[in-house]
Amino acid sequence: IDEFIHQDDHVIFPDDVALFFKDKDHNVLTEGKPVANEEWVTYPDGTEVYFDTIKTPFYSPDGEILGIIGVSRNITVRNNEQEDLKKAMLRAEKATRSLDEQMKFQQQLIDSVPIPLFYKDADSRFQGFNKVYEETFGINSEDLIGLKVTELPYLPEEDRQAYQAEDEEVIAEQKSINREMKIPFADGEIHDTLYWVTGFTDSDNNPAGLVGNFIDISSEKENARQLEVAVRTADE
């Protein structure tokens, strides 16, 4: 230690580091205030260490600044942990952006389907719709996310209960159901439809929800009815 007494920072540190320290010392001496900073320091053997340093002036009884007291704390581990945390947060942010992009793409695919489509989670609660579904029933999908079919105001109560029981069965048994059914649309008319609903599973093969859609066949049904009437009239 004696060899460093009365020597400056250049004896221990490279010139750039020594000048950095001397600049901090100068600020303490001229301003008479403590200075705190964090810095990387390279030891003679090449080891890099991150220090938390506080320097403060000390005074004579007459109030004259006599010198500087400095305390440095090795926080390399803490800094590395912070850097690791920053990297982890950046990875999470990137993953979130990627997931958001996937979700947007998925919604675009769903919206491109030309028939009403919806999907529900394992608790039979709505998780999404396509644009055609919204237009068909005159609803905003954001108002319905998280609801069960029993809570839909645009369906008759009796139908809601029947749909709910069917949803629970389809999800639990991972089955598919398709049939003709009459559904009231936003135009106030009852439409004949072909209705499909299919359960799906998660990666562990556990019930995860269902997907449903339907096709309006009112025109086809009406054409068939008119044809039947025409044939019957001709036979008479």
Side-chain angles (χ1 to χ4, degrees), residues 81 84-222:
E81 290 175 346
D84 290 342
L85 178 60
K86 289 179 182 178
K87 291 178 182 178
M89 291 176 66
L90 288 173
R91 288 195 297 269
E93 181 181 353
K94 184 177 180 180
T96 300
R97 288 199 302 269
S98 177
L99 179 59
D100 287 342
E101 291 172 357
Q102 292 177 29
M103 294 297 289
K104 289 179 181 178
F105 180 65
Q106 174 182 293
Q107 187 60 47
Q108 289 174 345
L109 286 178
I110 292 173
D111 286 339
S112 70
V113 177
I115 60 175
L117 182 148
F118 62 90
Y119 55 98
K120 302 181 179 183
D121 63 15
D123 293 324
S124 71
R125 296 186 181 278
F126 284 106
Q127 295 302 303
F129 309 83
N130 66 352
K131 290 296 183 182
V132 179
Y133 189 99
E134 291 182 310
E135 295 166 358
T136 298
F137 292 110
I139 56 95
N140 184 336
S141 61
E142 293 181 359
D143 296 332
L144 303 182
I145 300 298
L147 299 183
K148 294 186 177 183
V149 69
T150 52
E151 301 170 278
L152 298 186
Y154 53 83
L155 293 178
E157 176 63 26
E158 183 178 350
D159 290 345
R160 298 183 212 174
Q161 297 300 328
Y163 294 155
Q164 181 62 34
E166 182 177 85
D167 286 349
E168 293 174 0
E169 178 185 354
V170 167
I171 294 172
E173 299 181 14
Q174 303 167 31
K175 63 189 297 184
S176 294
I177 291 177
N178 62 84
R179 66 172 181 275
E180 287 190 21
M181 63 185 300
K182 294 182 180 295
I183 300 179
F185 285 8
D187 61 8
E189 301 292 331
I190 303 296
H191 291 249
D192 291 295
T193 71
L194 289 177
Y195 176 81
W196 288 269
V197 64
T198 302
F200 62 87
T201 61
D202 59 20
S203 58
D204 295 322
N205 205 37
N206 295 316
L210 61 79
V211 176
N213 59 74
F214 52 89
I215 298 176
D216 185 359
I217 58 170
S218 299
S219 296
E220 288 79 358
K221 295 285 284 189
E222 177 60 22

K.L.:
Residues two or more places apart in sequence or in another chain: which of them pass side chain to side chain donor-acceptor pair (under 3.5 Å) with Thr150?
P.N.:
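Expected list: none.
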K.L.:
Where do Ala122 and Pro207 come nearest, in terms of heavy atoms and distance?
P.N.:
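That would be CB-O, 3.7 Å.
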K.L.:
Taking side chain to side chain donor-acceptor pair (under 3.5 Å) as the definition, give me every residue that meets it alongside Glu168, ordered by chain and number, with sequence neighbours left out.
P.N.:
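In terms of side chain to side chain donor-acceptor pair (under 3.5 Å), with neighbours along the sequence ignored, Glu168 is linked to Gln164.
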K.L.:
Of the non-hydrogen atoms in Val113 and Asn130, which two are nearest, and what is the gap between them?
P.N.:
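For Val113 versus Asn130, the nearest heavy atoms are O-ND2, 3.3 Å.
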K.L.:
Evaluate the side-chain proximity of Trp196 to Phe214: yes if any heavy-atom separation is below 4.5 Å, no if none is.
P.N.:
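Side chain of Phe214 against side chain of Trp196, heavy atoms only: no contact under 4.5 Å found.
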K.L.:
Rounded at 0.5 Å granularity, tell me how far CD1 in Ile171 sits from CG in Asn206.
P.N.:
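Here the rounded value is 13.0 Å.
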K.L.:
To the nearest 0.5 Å, what is the distance between CG (Leu210) and OH (Tyr119)?
P.N.:
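Rounded to the nearest 0.5 Å, the CG-OH separation comes out at 12.0 Å.
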K.L.:
How long is the straight-line distance from CD of Glu180 back to CG of Leu194, given to the nearest 0.5 Å?
P.N.:
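Those atoms lie 5.5 Å apart.
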K.L.:
Within the distance-only criterion (no hydrogens, no angle test), does the side chain of Glu151 pair as donor or acceptor with the backbone N or O of Lys148 below 3.5 angstrom?
P.N.:
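Here the side-chain-to-backbone pair exists.
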K.L.:
To the nearest 0.5 Å, what is the distance between CG (Asp159) and NZ (Lys182)?
P.N.:
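Between Asp159 CG and Lys182 NZ, I get 12.0 Å after rounding to 0.5 Å.
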K.L.:
Should the ring pair Phe126 and Tyr133 be called parallel, tilted or perpendicular, given that the plane angle runs from 0 to 90° and is split at 30 and 60?
P.N.:
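Phe126 vs Tyr133 ring planes: tilted.
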K.L.:
Could you pull out the closest heavy-atom pair between Gly138 and Ala186, with the gap in Å?
P.N.:
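Closest pair (atom of Gly138, atom of Ala186, distance): N-CB, 3.6 Å.
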K.L.:
Check for a donor-acceptor pair, side chain of Ser218 on one end and backbone N or O of Asp192 on the other, with a separation under 3.5 Å.
P.N.:
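Pair found, side chain donor or acceptor close to backbone of Asp192.
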K.L.:
Atom CG in Asp167, atom CG in Asp123: separation rounded to 0.5 Å?
P.N.:
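Asp167 atom CG to Asp123 atom CG measures 12.0 Å (nearest 0.5 Å).
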K.L.:
Check whether any side-chain heavy atom of Tyr163 sits under 4.5 Å from a side-chain heavy atom of Val197, and report yes or no.
P.N.:
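Side chain of Tyr163 against side chain of Val197, heavy atoms only: no contact under 4.5 Å found.
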K.L.:
Indicate the ring-plane relationship of Tyr195 and Phe118, choosing parallel, tilted or perpendicular according to the 30° and 60° boundaries.
P.N.:
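Aromatic pair Tyr195/Phe118 classed parallel.
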K.L.:
Evaluate side-chain hydrogen bond (donor to acceptor under 3.5 Å, both in side chains) for Gln174 paired with Thr201, printing each intermediate quantity in order.
P.N.:
CA-CA 7 Å; Gln174 303 167 31; Thr201 61; 4.9 Å; no
K.L.:
Heavy atoms, side chains only, cut-off 4.5 Å: are Glu166 and Val149 in contact?
P.N.:
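No, too far: nothing below the 4.5 Å cut-off.
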K.L.:
Take a 6.0 Å sphere around CD of Glu157 and say whether it holds more than 12 heavy atoms from other residues, nucleotides or ligands.
P.N.:
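Enclosed.
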K.L.:
Take atom CD in Glu142; do more than 12 heavy atoms of anything else shown fall under 6.0 Å from it?
P.N.:
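Incorrect, the count does not exceed 12.
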K.L.:
If you compare all heavy atoms of Ser124 against all heavy atoms of Lys120, which two are closest, and at what distance to 0.1 Å?
P.N.:
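The pair with the smallest heavy-atom distance is O-CD, 3.6 Å.
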K.L.:
Closest approach of Ile177 and Val170, non-hydrogen atoms and distance?
P.N.:
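Taking every non-hydrogen atom into account, CD1-CG2, 3.7 Å.
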K.L.:
Tell me, please, which residues at least two apart from Gln127 pass side chain to side chain donor-acceptor pair (under 3.5 Å).
P.N.:
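Residues passing side chain to side chain donor-acceptor pair (under 3.5 Å) with Gln127: Asp121.
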K.L.:
Would you say that Met181 contacts Thr193 through its side chain, given a criterion of any heavy-atom pair below 4.5 Å between the two side chains?
P.N.:
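The answer is yes; the side chains approach within 4.5 Å.
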K.L.:
Take atom NZ of Lys131 as the centre, draw a 6.0 Å sphere, and report whether it contains more than 12 heavy atoms from other residues, nucleotides or ligands.
P.N.:
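Not more than 12 within 6.0 Å, no.
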K.L.:
If I take atom CG from residue Leu152 and atom CG from residue Leu147, how far apart are they, to the nearest 0.5 angstrom?
P.N.:
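Answer rounded to 0.5 Å: 6.5 Å.
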K.L.:
Evaluate the side-chain contact (heavy atoms from CB on, under 4.5 Å) criterion for residues Ile110 and Phe129: first the C-alpha distance (whole Å), next the side-chain angles of each, then the deciding distance (0.1 Å), finally the verdict.
P.N.:
CA-CA 8 Å; Ile110 292 173; Phe129 309 83; over 6 Å; no
K.L.:
Looking at Asp187 and Glu189, would you say the former's side chain and the latter's main chain have a donor-acceptor pair under 3.5 Å?
P.N.:
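It does hold such a pair.
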